[in-house]
> 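Mind looking over this structure? Questions follow.
Naming convention: chains lettered A, B, ... in sequence-line order (proteins, then strands); numbering from 1 in each chain.
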Amino acid sequence: MGGKKDLAPFMEYLKELFPEAHCELTYNDPFQLLVATILSAQCTDKQVNKVTPLLFSEYADAESMAEAPIEKIEKLIHSTGFYKNKAKNIKSMSHALIHEHNGKVPDNMESLVKLPGVGRKTANVVLGNAFKVPGMVVDTHVKRISNRYGLTKNSDPEKIEQDLMKIFPRDRWTELSHQLVLFGRYFCTAKKPNCNECKIFAYCPAGNKLVK
DNA sequence: CTCCCGATAT
DNA sequence: ATATCAGGAG
């Protein structure tokens with residue numbers, strides 16, 4: 001049988017680049033992390049952290065968020081973009097939490113993805129960081145890197161998630177998720193990846209096509 | 001596949 | 001001034 005791709009250099013390089021990779025969203029509990037993660041779509045964590053202190057000081061939990069006037073939420077989260085969708089999702093998600101989960105954020109994938117505005121990416125962030133349930137977060141960065149580096153041949157994020165879980169040790173999933181996102185954001189970027197400085201260029205199937 | 005939107009980079 | 005960024009719902 002053909003040997004599996006050697007992932008050691010890849011994991012070691014990520015560890016070298018991001019030894020302290022962790023969730024950069026600020027939050028006090030699972031509910032706040034869930035809200036912050038919804039806000040983080042198409043928005044930097046830094047920008048999210050600018051609005052959440054005030055948002056949570058006004059509406060700290062599912063109960064108060066569910067009763068908050070939608071216009072107030074919109075105003076508080078405005079700078080994170082897509083604010084109308086996000087405000088609606090945060091409010092109805094909070095409502096669902098109260099009526100279907102006793103006001104608590106569920107700690108399993110099936111329940112999380114049923115919440116308004118919550119997909120697998122958001123669910124995995126909450127599971128990994130708030131509940132320490134290992135999982136692979138597949139956002140656009142992780143997807144791009146997985147395809148470039150030959151970690152998967154799939155384009156469907158859920159399939160990629162399965163593939164990554166097969167090839168990486170379970171106890172590294174959450175850390176790797178953070179490292180992959182950072183690697184994609186700052187090094188292996190969509191447009192002009194820094195192939196010239198990449199230490200694993202030699203192992204990268206896409207490398208020679210990307211470098212100019 | 002399109003729409004939702006502001007912030008940041010260029 | 002304009003391009004780019006990049007989850008989830010319909």
> Taking side-chain hydrogen bond (donor to acceptor under 3.5 Å, both in side chains) as the cut-off, I'd like each qualifying pair that reaches into residues 63-85 of chain A, sequence neighbours left out, listed once.
Gln47(A)-Ser79(A), Asp61(A)-Ser64(A)
> For the P atoms, the ones on dT8(B) and on dG8(C), what distance do you get once it is rounded to whole angstrom?
22 Å
> With sequence neighbours left out, write down each residue that passes side chain to side chain donor-acceptor pair (under 3.5 Å) with Asn49(A), or none if nothing qualifies.
Thr26(A)
> Who are the side chain to side chain donor-acceptor pair (under 3.5 Å) partners of Asn108(A), not counting sequence neighbours?
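If we apply the side chain to side chain donor-acceptor pair (under 3.5 Å) test to Asn108(A), skipping adjacent residues, the hits are Ser111(A).
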> Please identify each residue that fulfils side-chain contact (heavy atoms from CB on, under 4.5 Å) with Lys199(A), with sequence neighbours left out.
Tyr13(A), Glu16(A)
> Output all residues satisfying side chain to side chain donor-acceptor pair (under 3.5 Å) with Asn147(A), sequence neighbours left out; order by chain, then residue number.
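Asn147(A) satisfies side chain to side chain donor-acceptor pair (under 3.5 Å) with no other residue.
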> Near DNA chain C, which residues from residues 32-49 of chain A have a heavy atom under 4.0 Å away?
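The stretch gives Ala41(A), Gln42(A) as the residues lying under 4.0 Å from the strand, ordered by number.
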> Salt bridge (Lys or Arg N to Asp or Glu O under 4.0 Å) with Lys88(A): which residues, sequence neighbours excluded?
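Result, salt bridge (Lys or Arg N to Asp or Glu O under 4.0 Å) vs Lys88(A): none returned.
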> Which residues pass the salt bridge (Lys or Arg N to Asp or Glu O under 4.0 Å) test with Arg120(A), sequence neighbours left out?
Glu158(A), Glu161(A)
> Could I get the full list of side-chain contact (heavy atoms from CB on, under 4.5 Å) partners for Ala202(A), not counting sequence neighbours?
none
> Give me the first and last nucleotide of DNA chain C, going 5' to 3', that has any atom under 4.0 Å from a heavy atom of chain A.
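Answer, 5' to 3': dT4(C) to dA9(C).
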> Who passes side chain to side chain donor-acceptor pair (under 3.5 Å) against Thr189(A), sequence neighbours left out?
none
> Could you see if Leu7(A) belongs to whatever hydrophobic cluster contains Ile200(A)? Use Ile, Leu, Val, Met, Phe, Trp, Tyr and a side-chain cutoff under 4.5 Å.
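Linked within one cluster.
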> Using the C1' atoms only, state how far dA9(C) lies from dA7(B), rounded to an integer number of Å.
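Per the computed distance, 23 Å lies between those C1' atoms.
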> Mind running a 4.0 Å heavy-atom check of residues 64-90 of chain A against DNA chain C and sending the residues that fall below it, in number order?
Phe82(A)
